[in-house]
Amino acid sequence: MSNRLRYIRQSLTAAALAAALATPALLSAPTVAVAQERGGTMNIIVQPEPPILVLGLNQQGPTQTVAGKIYQGLLTYDFNLKPQPELAESWEVSPDGKVYTFKLVKNAKWHDGKPFTAADVVFSTSKMLMETHPRARAVFAKAEKIEALDDYTVRFTLKEPFGPFLQSFEVSSAPMMPKHIYDGSDYKANPANATPIGTGPFKFKEWVKGSYIHLVRNDDYWKAGKPYLDDIYFRVIPDAASRAVAVEQGTVQQTQFNDIETFDVPRLKSLPNVEMTTKGYEFFAPLSWIEINTRNKPLDDKRFRQAMMHAIDRKFIRDKIWFGLGRPATGPVNSVTRFYEPGVKKYDFDPKKAEALLEEAGYKKGSDGTRAKVKLLVMPYGETWTRLGEYVKQAMKRVGVDVTLETTDSAGWVNRVSNWDYDMTFNFVYQYGDPALGVSRTYVSDNIRKGVMFSNTMGYTNPEVDRLFAQAAQTNKDEERQQLYSAAQKILVEDVPVAWLLEMEFPTFVDKRFKNAITTAIGVNESYDSVYMVKK
Amino acid sequence: MPRIAVFISQRLVKAVFVVLAIAVFNFFLVHAAPGDPAAVMAGEAGAADAKFVEQLRQQFGLDRPLYEQLGTYMGKVVQADLGYSYRQQRPVFDLLMDRLPVTLSLTLTSFVLALIGGVALGTLAAMRAGTWSDTAITVVGLTAYATPIFWIGLMLILLFSVNLGWLPAFGTESIGAGYTGWAAFVDRLEHLVLPVVTLGLFYMAVYTRLTRASILEVRDMDFVKTARAKGLPEWRIVSVHILRNAILPVITVAGFQAGHLIGGSILIETVFALPGIGRLAFEAVLQRDYQVLLGIFLLTSVVVVIFNLLTDLIYSLVDPRIEVAP
Amino acid sequence: MTAAVITPSRRKGSGFWRAFARNKGAVLGLVFLLLVVLMAIFADVLFPTSPWDMTAAPFEPPFSEDALLGSDTLGRDIAAGIAHGARVSLLIGLTSTAVAVLIGVCLGAVSGFYGGWVDDAVMRFTELFQTIPNFVLAVVLVAIFTPSLTSIVLAIAIVSWPPLARLARGEFMSLRSREFVQAAVTTGQSNLTIIWRQILPNSLSPIIVSASLMVATAILLESSLSFLGLGDPNLMSWGYMVGAARTVIRQAWWMSFFPGIAILLTVLALNLVGEGLNDALNPKLARKGRA
């Protein structure tokens, strides 16, 4: 079993390497004359069904995947998170890092035929998203002014330099919304929400709720000759087992994120008709951990938390619970995100060391062999997390810590964690390409906000960490940022405010007949304007 | 028949009060839960700030005092308006109507098959009481009665889908197969076989036991002896004289269990991944989609009340001697 | 409701046993049930390690060296799970039935004894609970009050008491008018004493029979809740095992097969015992074989 897993892992790494080497060529020569024929229909799973397709109003995962074909952002990112042109064909940054000027493509049109101009960019970033998109609000609030210099030039002037500003323009972070439809209206109640209008390669055609969403080729797309596909159907299949069957039978040609349960992955990977990749999630770079409420005893003791890191075998978790998907995490930054620091303290799986640390912290074994009791609130996001909870309970018991599991539904979970009513729980968050966007929010003390999910719910405070993160965000010099982030990562790994588990990988299964699906760091959320089908 | 009319109207008035009381009860029950849909949605959006959650709460009316929310809700219930699910961005009524066909086709088919099969088997067993066929039917019935239905479902999938490959295991139709007309109908039928058998088996066992016991009781009564003495053919004695009387307790229990079928369909719809009311209910609980949950409660209560009413009516038709007393 | 004719005097023990033993199925059920109880009591001796411990390689098939009935996704022993799970099933089955009997008999007694508007009010209340589909209500109750031993027991009890209340009401109503009760009333005994001393002991037989069958239903309910992921996460239970096995049924049939068999046989045994009790305690009703 373990041999097979190791083999799978090795071949996986090799495949990833090959893909990484092959990609730059693809990106730099998009017009290369391969057999990129017109035509073909792609069926993609979407799960859960998005509530609405207007990306400016809803940014849940499935919405992003579907609406990423309808709407576009100014930029996209390659696998190394370097900005690439999309609706902006070029951009300039002033030397002081405060002024960003974007030149827009000149021939882009909304699906209703109106031209896409700088006014739409200004409206989206300074008005609509400020009200409807929490993540965009955090970024564009840093702008002093956002102005259209002419129809195809937009200038953002920041109050102070903001390192990750250029990382905030992909389609789900800052989707461009049509001004002529939304300006002056009640965004959420706009009747046009039922028929989304974007600039993307595919147009909204029909939505049979509970069944499928049908997108058709945008014949007026601004990139000449694209897209290649005629239609994309997003199929709603709520049950995991049925989704796996649909891949096996070839009735769907793509699945992404959590569509396929981890235990089905080894089986589906061996199918002849599909290819699996874990590329295309670099922008999200999910990292999972045990969230630890550092207000509660014994979790307030750093040595107790370090003992947890030693007591839990993250390789076992990767191999047996995630069936080989992911990499054991070394610290707060995912290794595919920018500014990752490998030189941090290492926590090997070593129950003896864990027990020694617990002894040192004064948690002696009682008569029943128990050193301490803690509670673990299991994240209600499916069976894999339940298994993880059961594993952590057993692993901690081996070093004398009695873990009581608590379960709840998603409403109860959000409620309890955001109000700090927990000892330990699981969590995983996206890093959005830059520590200032997706990492610092978990650890800085001014993000200790009761009632807010995905904030610093652990109540961890370290003034030095606060200072390092703040300083790193306020500069756009990469070497300087690297130094600051490296320092922050070293402190955090020593302090263990959360017990990092895995740099998670999601499997994307794509039918072998479809090429060019995963080309950037936003993977399946890409516009798919260069995806084509090889006909036999 | 004016007496029947009076009876029905009295029952209806009572039923309306029961349904309203249930609506109030459910409202408080559902609101006793910690956490609200605004927090869940904010959590799912990936990033949340207090302003976003507050916006959602206002939009859902969750910032109003509880009694006001109850008033609004009851006012709408009276007008048969089940409210709007903000999570799914659709009226609850539409959501329910989308899911209802699956659940109805599942439960009604199971119910009818279970009733027919149960009465037939029960009659057979009773008429041959003490023989090996009676023993066999009784043992199988007892076993079916004691088996968790979710497990039967899994075992049937294992046998007929995984090992033999005869029947589809999940869903209501082959996805993307593009069947039309007759082929589509057959495809749907094939998908229905395992779920219906699973749900029906348990109830068939119940009705078999009931019918058998009930017939054994009626069989030796005077009017049956009289009929036999008159030399009537056996099938006539069984179908007209015995069954007609023996079936009453079966009808009572069957009518009573209409609501239980919906409970059972939560399990069946989970096992077979069917997009029905049961699954909707389970998902609504987990996501705290109050409006949907309340809607399902109300709908199922109405169905049960209607079934109880029907039971009474059928009762009076099968046995005209029984007074339709309120 | 059936008004059983029961003599106020208690049956003799030996008579009871003779009647019970006449039903072979009941004896078989009782023997099996005793085995399950023994397994539950001695689970720690049979399988000294916790059922959650990963003692084998994942996905070992049955009859392998370190897992008699196979192992699950994390390498936990299915046999150990079944032995320890017996505790949970029996515990929840018995306590929830006890609570349901308490609620049902109290309400039924009050309703049947006093009659009039009290009876009316209690019966309307009972009807309310019978109209909401009971499994749906149980799911909602457990989900809302978060799954734990207490919330599961209470939820099962809350959805199970109405039939008992109706049964008790019927018994109390018919016994209320009997001479020995009337005699007690004329001698000036208080209502509570009459209910407790005179009527209750004489209405126990049908209640015991119903309760024994209800234990079986409660075990099924618990397993269904656990199957949906609404079990106590710290307790290994049979329903949980089947639920956790559902998604890997293609890889490991044994994970769902054996715990399911355990539920089936236990519930079957309880039903057989219930019927035996029925034969022994209610000889007049014996042939009715009520479900």
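Naming convention: chains lettered A, B, ... in sequence-line order (proteins, then strands); numbering from 1 in each chain.
- The contact between Phe316(A) and chain C is made entirely by side chain atoms (from C-beta outward), counting heavy-atom distances below 4.5 Å.
- Contacts between Val403(A) and chain C at a heavy-atom distance below 4.5 Å involve the backbone alone (N, CA, C, O).
- In this structure, CG in Asp313(A) is found 10.5 Å from CE in Met54(C), a value given to the nearest 0.5 Å.
- Ranked by heavy-atom pairs shorter than 4.5 Å toward chain A, the options Ser50(C), Gly229(C), Ala57(C) are led by Ser50(C).
- Using a 4.0 Å cut-off between charged side-chain N and carboxylate O, Arg76(C) and Glu390(A) make a salt bridge.
- Considering only heavy atoms from C-beta on, Asp53(C) comes within 4.5 Å of Gln394(A) through its side chain.
- By the 4.5 Å heavy-atom criterion applied to side chains, Trp52(C) and Lys397(A) are not counted as neighbours.
- Taking the side chain as every heavy atom from C-beta outward, Lys393(A) and Asn234(C) approach each other to under 4.5 Å.
- Proximity of Ile321(A) to Leu74(C): side-chain heavy atoms (C-beta onward) are separated by under 4.5 Å at one or more points.
- Distance CG/Leu377(A) to OG1/Thr146(C): 9.5 Å, rounded to 0.5 Å.
- Nearest heavy-atom pair across Pro233(C) and Leu405(A) is CG-O, 3.3 Å.
- Heavy atoms of other residues, nucleotides or ligands lying less than 6.0 angstrom from NZ of Lys297(A) number 12 at most.
- For the pair Thr73(C)/Arg387(A), a side-chain contact is recorded, criterion being any heavy-atom separation below 4.5 Å from C-beta on.
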